[in-house]
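Comments concern the structure below.
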Amino acid sequence: KGATKDMGKMLGGDEEKDPDAAKKEEERQEALRQQEEERKAKYAKMEAEREVMRQGIRDKYGIKKKEEKEAEAQAAMEANAEGSLTRPKKAIPPGCGDEEEEEEESILDTVIKYLPGPLQDMFKK
């Protein structure tokens, strides 16, 4: 009878439920959560100690933190953009487009001056 009972379980038959199984599983899950919290607390404490040590080294040697360097670099880029010779692609100073058209017209007028009379008339119309 024992062998057929085991075969039934293997084939997916109903298993006998332990009445305390749910309670044991809940306790096991709680223990895992508690271990995970303890592990996180341990590593947070270790990281805090390391950060204190890092800050001491930074202070001793005058080194800046990465975030501070990035913030300064960003501020420097913004400051440079204000007085920069290069400009952003979309920012077109007023009058730039107008000057180019006038220049093209004057070149065209210069070319027309050197054309024979009948051709000059055609271009002026």
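In this chain, numbering begins with 1 at the start of the sequence shown. The figures that follow rest on heavy atoms only: side chains count, while hydrogens, waters and symmetry mates do not.
Considering only residues two or more places apart in sequence or on other chains, Q29 meets the side-chain hydrogen bond (donor to acceptor under 3.5 Å, both in side chains) condition with E25. Evaluation of the side-chain hydrogen bond (donor to acceptor under 3.5 Å, both in side chains) rule for E30 yields R33 as partners, not counting sequence neighbours.
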Would you tabulate the side-chain donor-acceptor contacts of residues 66-77 under 3.5 Å, counting partners in other chains and residues two or more places apart, or write 'none'?
residue : atom : partner : partner atom : Å
E72     : OE1  : K64     : NZ           : 3.2
E72     : OE2  : K64     : NZ           : 2.8

Just list the side-chain donor-acceptor pairs under 3.5 Å for residues 50-61, sequence neighbours left out, or say none.
residue : atom : partner : partner atom : Å
E51     : OE1  : R54     : NH1          : 3.0
E51     : OE2  : R58     : NH1          : 3.2
E51     : OE2  : R58     : NH2          : 3.3
R54     : NH1  : E47     : OE2          : 2.9
R54     : NH2  : E47     : OE2          : 3.3
Q55     : OE1  : R58     : NH1          : 2.7
Q55     : NE2  : D59     : OD1          : 3.0

Could you give the side-chain donor-acceptor pairs of residues 34-46 under 3.5 Å, partners two or more places apart or in another chain?
residue : atom : partner : partner atom : Å
E36     : OE2  : R39     : NH2          : 2.8

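Enclosure of atom CD in E49 by more than 12 non-hydrogen atoms of other residues, nucleotides or ligands within 6.0 angstrom is indicated.
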